[in-house]
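Working notes, beginning with the structure itself.
Everything quoted here is computed from the prediction, not taken from an experiment. Atoms within each ligand, like the ligands themselves, are counted from 1 in listed order.
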Amino acid sequence: MRRLVFLGPPGAGKGTQATLLSRELHLAHWSTGELLRAAVAARSSLGQEADGYMSKGELVPDGVILRLISERLRGPASHDGFVLDGFPRTHPQAEALAKLVPIDRVVAFEIPESGLIERLTQRRHCPRCGTLYNLATNPPKRGGDLCDNDGTRLVQRNDDRPEAVKTRLRTYYAQTAPLIEFYRQRGVLRSIDASGDPPTVAARVHAALK
Ligand code: AMP
């Protein structure tokens, strides 16, 4: 069980769990959102193409996403396995992925929509080391808004502001949630309850990989 997809709405905790699991099992962790944000920061042509969609909370076109991820999935870093976080997000992406590599398991993070807006708008990260926090549920240990690791002031993602968050949730239910059925039909889906703190959810992720 080493080629994994984490599926779920924005704010469900996929990124946190993918980070924990990939460190523990020495898997590559590919987050298309992170790769896109790095491309935007580097002002590459791909980043410039993606930026407008991302800041509105809309999906970046499938062709751009496949250019970003295909090489990485075939590359040596993915050889011992990987966790895909935020990809695939559309039916054409799922079909393209199936042609690139076989997927062993898809973990669907289930969480009531009502808590997600709060979870997303309270989310912060360290711009230096990338550690994720939530001011409500997982704040920095020393309080305030400074990173535990390096004391850097935490920042909010552009698209975690309320207008973009609403679009992202709408987009998820319209375009990505149907992939749950796609993977159920292929016999690789396990659903987990994604509410609770990170260690509680991590235990459920482990159970879903057995
Ligand atoms: P995330 O960090 O996964 O929430 O992704 C942030 C944003 O990047 C999304 O709102 C989309 O605009 C874009 N994005 C990330 N992954 C994908 C994908 N697989 N397909 C299309 N757009 C994506």
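Ring pair Phe6/Phe109 is tilted by interplanar angle, where 30° to 60° counts as tilted.
Protein residues having at least one heavy atom under 4.0 Å from any atom of ligand 1 are Thr32, Gly33, Leu36, Arg37, Met54, Glu58, Leu59, Val60, Ile65, Gly86, Phe87, Arg89, Gln93, Arg157, Asp159, Arg168, listed by chain and number.
With sequence neighbours left out, the salt bridge (charged side-chain N to carboxylate O under 4.0 Å, His left out) criterion links Arg161 to no other residue. Remark: Tyr133 pairs with no residue by the ring pair (Phe, Tyr, Trp, His ring centres under 6.0 Å) rule, at least two apart or across chains.
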Please tabulate, for side-chain N and O atoms in residues 10-18, each donor-acceptor pair with protein atoms closer than 3.5 Å (sequence neighbours left out).
unit_1	atom_1	unit_2	atom_2	d
Lys14	NZ	Gly8	O	3.0
Lys14	NZ	Pro9	O	3.2
Gln17	OE1	Ala202	N	3.4
Gln17	NE2	Pro198	O	3.0

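By the 6.0 Å and 45° rule, Arg186 stacks over the aromatic ring of Phe182.
Defined by atom type and a distance below 3.5 Å, a donor-acceptor pair is missing between the side-chain atoms of Asn158 and Ser55.
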